[in-house]
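Before any comments, here is the structure.
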Number of protein chains: 2
Amino acid sequence: MVNGMEASGGLQWRVRMTNGSSSELLVPESGPIHRTWLGLLGLLVEFTSKFRKFFKKAWALGVDDPKKVIHCLKVGMALTIVSLFYYMRPLYEGVGGNAIWAVMTVVVVFEYSVGATLSKSLNRITGTVVAGSLAIGVHWIASQSGERFEPVILGSSVFLLASAATFSRFIPTIKARFDYGAMIFILTFSLVSVSGFRVEKLFQMAHTRLSTIAIGTSLCMLISMLVCPIWAGEELHLLITRNMEKLANSLDGCVTEYFKEMNSDGDVENEDKDNKSLLGYKCVLNSKGAEDTFANFARWEPAHGQFNFSHPWNQYLKIGASLRTCACCMEALNGCINSEVQAPDFVKRFLSNACIVLSSHSSRVLKELAITITTATRRSTQIDLSVEDMKDAVQELQKTLTSLPSLLTPPPSPFPEAPEEEKKEPISTPTIVPLMEVVPLVTVASLLIEIVTKIEGVVEAVNELQNLADFKPDETEKLKPTSDYQDQQTMKALQQV
Amino acid sequence: MVNGMEASGGLQWRVRMTNGSSSELLVPESGPIHRTWLGLLGLLVEFTSKFRKFFKKAWALGVDDPKKVIHCLKVGMALTIVSLFYYMRPLYEGVGGNAIWAVMTVVVVFEYSVGATLSKSLNRITGTVVAGSLAIGVHWIASQSGERFEPVILGSSVFLLASAATFSRFIPTIKARFDYGAMIFILTFSLVSVSGFRVEKLFQMAHTRLSTIAIGTSLCMLISMLVCPIWAGEELHLLITRNMEKLANSLDGCVTEYFKEMNSDGDVENEDKDNKSLLGYKCVLNSKGAEDTFANFARWEPAHGQFNFSHPWNQYLKIGASLRTCACCMEALNGCINSEVQAPDFVKRFLSNACIVLSSHSSRVLKELAITITTATRRSTQIDLSVEDMKDAVQELQKTLTSLPSLLTPPPSPFPEAPEEEKKEPISTPTIVPLMEVVPLVTVASLLIEIVTKIEGVVEAVNELQNLADFKPDETEKLKPTSDYQDQQTMKALQQV
């Protein structure tokens, strides 16, 4: 390689792709250039590899969520349409003319979800109209008051209103809904009130400017609603149900893994394998921001699919909050599961069955709730049954816990209150276990019971949602229309027979 | 009142501020007008009261955080300066001229913290320069290729680059730092490439526009840095230490409250009193978004106060994350504390002391850590001592837990392994307690131990921070420079003597 390059190039400086010192000894006069060249080459290689990595990541992002790619194409489309429209229109007057406002509107207003686009569009129009009218008024007053006071009036009005509008952006209710409108208000007010035009000319200008903004915003709204729309409401809906499923899988996975481990003792490598689904609850902990944003934008969206205009989006936030308290318990549970002190296997085995049954029932309830929300049907019977199963499992676990002390101390001979289970199956290992070793296990059981309480909160929130959003009755439940508790108990008893 | 109004007004329609039907009987002909008037008056009163409420809230917000008010005044100031400057300057050419860019820059770029303002300013300038040069190039190519191909080249370049830049805004690293730059890139590119100007005129325009933007951004940067600056880094710093203190107070409060209740049984009303400080941990759970934002902006800030340019802001995020896992355990703990099943008082009393000592030691560690961060001093000795105390308290609690089973079942006569504490103080109530009733209490103890583990994680993260940020050594510790574990133990022993 080196020889070939030397042969082919009759150049003053010798390119040497060698590794290190020997090359520098051979060509001492071309040292700096050589080194620069090598440095540049290295930079290029590094840059190329970095760029490839970046591109791969971006590609994976696009493949992972095609909606994002669609959004980008939509933005490109809207911008091209509006640009070419103003480029070819005769009323075009250069960059300073109207095209500016149309292009700017599209760039600034076109957002990922329909709700966000609508919110920004309406904010932009309202802010412009309100500030424009106010500014024309102030402008007129200032122009009447003589040349000396004009800048004072203009300056102080800009100062006062800009400060007030900026402050309003800190107020939570305004920040959530009208933040962008307040910014546009400040912008328009300052621009108009310091403009040198006469009031009559301002009216004419306001007309063209408003119509340009209206064209820009309507184009954005139309494209975002008609071409593969991405609804904030639907995203929120999906996020909540996905979080429920993640939580259910985490719960199921963690508990099963914990009690499975004792069989394959020391097999730690397997632990990492399913870590991703086990740690799904962490996503739930961090999704508050996304939920708030989606709920905020969903309010602006018109009726679409199963959602009405006044769909109770706030209720989704409540469900999200109760899911998060559940995820918090999962975090604590995970801590206990990975605790250093672990109960001896035979004690673990003693609680194993009850815990696994409880966790699987709990996760089933969560999955049922996810189905209820996804299909927007009242599935009271199924859910009530699952909740009953879950409660039964809690009682079973509590019963098992009650008989645990017999493992801790050797059963004394006169023991009148020994539970019946004891007598049936004598425990094979009569070792005395210090309570300390059992504490993490008891905590796991107790946190599972705590998680059930939190899940009951989720059930309540979902029930409220199905009342507020008026979910349609389930077709399959029409055969057995009574959703009364007593009847269910009877049904369940019948099913078990 | 009514009579007075009738007497004073000789009006056709009678104003009657009465309540209901008798008034309508007296003036049947003015019924609709009367009702409208009353309705309007009602609306006015309602509006006034709503406005007053809103104003009160806003006032409270301002009093609560004067920094926000200062920010508003700064925005007003910047905007007034730039408006009047362009209003009075001779090169001013109306709203379409340069003033637009200066005013717009100030409105859009001026943010709450210095970091955010700097980030937006630099993004705006970079985006404009890069997109402007690229667009002039594309514009030149398009203008050379004949009238037929010009719009095609322009349109497709806008489409491609706008789509690509929009997509880049989804990539997390770009979204965090260059989101605004990407938007400005799209805006400038579209504006310039579809402008009808010749390339030579574009250069001149670009010059004035850039200088206008530069004036706007430098004004913003100067005002935000020189007039009562609000540093994102300092806000992050404060947020983290405040969260530590909140967590410490919550922990202390919850545990004390839990064990105090048994003395004043049934005194539930008192519970709500300190709810606010007890629930401080909930703020910690929800502060991820704020932390991320502040850390993101803090990176743009120059050295200020105790912070260098390359201050390890990411480490604050790590501390925040470990505080949040701690807060999660608090949430679970709170669930157990408010659980329906509660241990009998005498069992509670059995663990009470150990739990309260542990929680107070834990919260002291958190408070010490907060002081360490606030003062930016290495206080290894104090912290190590507090951590040791905390660990000792854990062992004490574990020992107490070990002797708990004796409460659960009556102590059998041949009991060789009974702990010594037992023998010293015979328990007054020899009742058999079902384990089920003790489970929440054991869980509380276990979660307290879990919280200690999480706090150790926080200690580690803070230690890493003090190494990364090169905290100054504590003056008081110079007298006892050895921070070795053994020496501390000796010192502690000496202190106790």
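All values below were derived from every heavy atom in this structure, side-chain atoms included, with hydrogens, water molecules and symmetry-related copies excluded. Chain A is the first sequence line, chain B the second, and so forth, proteins listed ahead of strands; every chain is numbered from 1.
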Open item on the list: Do B/V442 and A/S446 make a side-chain contact, defined as non-hydrogen atoms from C-beta onward lying under 4.5 Å apart?
Closed with: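 In short, these two side chains do not touch, never coming nearer than 4.5 Å.
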
Task: 4.5 Å side-chain heavy-atom contact, A/F170 and B/D65 - done: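 The answer is no, as the side chains (C-beta and beyond) never meet within the 4.5 Å cut-off.
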
TODO: Give the minimum heavy-atom separation between B/L84 and A/P151, together with the two atoms involved.
DONE: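 Minimum heavy-atom contact is CD2-O, 3.8 Å.
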
Task: Nearest heavy atoms of B/K454 and A/G335, plus distance in Å - done: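 Residues B/K454 and A/G335, closest heavy atoms: NZ-CA, 4.3 Å.
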
What part of [X] is in contact with chain A, defined as an atom under 4.5 angstrom from a non-hydrogen atom: side chain, backbone, both or neither?
X: B/I81; value: neither
X: B/Y112; value: side chain
X: B/L154; value: side chain
X: B/I451; value: neither

Euclidean distance, [Y] [atom2] relative to [X] [atom1], rounded to 0.5 Å:
X: A/K288; Y: B/S287; atom1: NZ; atom2: OG; value: 11.0 Å
X: B/S83; Y: A/F189; atom1: OG; atom2: CZ; value: 9.5 Å
X: B/M104; Y: A/T188; atom1: CE; atom2: OG1; value: 8.5 Å
X: B/T325; Y: A/N334; atom1: OG1; atom2: CG; value: 11.0 Å

- [ ] Return the option, out of A/V69, A/N286, A/V108, A/L160, with the maximum number of heavy-atom pairs under 4.5 Å with chain B.
- [x]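 Option with the top pair count is A/N286.
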
Task: Heavy-atom pairs under 4.5 Å with chain B, option from A/I186, A/V106, A/L187, A/T173 with the top count - done: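 Of the candidates given, the most pairs with chain B belong to A/L187.
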
Open item on the list: So if I apply the side-chain contact (heavy atoms from CB on, under 4.5 Å) rule between B/F167 and each of A/V75, A/L73, A/L61, which one comes out positive?
Closed with: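 In the set A/V75, A/L73, A/L61, the residue that makes a side-chain contact (heavy atoms from CB on, under 4.5 Å) with B/F167 is A/L61.
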
Where on [X] is there a heavy atom nearer than 4.5 Å to chain B: the side chain, the backbone, both, or neither?
X: A/K74; value: neither
X: A/L285; value: side chain
X: A/F54; value: side chain

Open item on the list: Treating B/S163 as the side-chain partner and A/C72 as the backbone partner, does any N or O pair qualify as donor plus acceptor under 3.5 Å?
Closed with: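 Yes.
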
TODO: Pick whichever of B/A445, B/C329, B/S190, B/A162 has the most heavy-atom pairs under 4.5 Å with chain A.
DONE: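 When all of B/A445, B/C329, B/S190, B/A162 are compared, B/S190 has the most.
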
Task: Interface residue of largest heavy-atom contact number with chain A, from B/E450, B/R169, B/K57, B/H71, under 4.5 Å - done: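 Sorted descending by pairs with chain A, the first entry is B/E450.
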
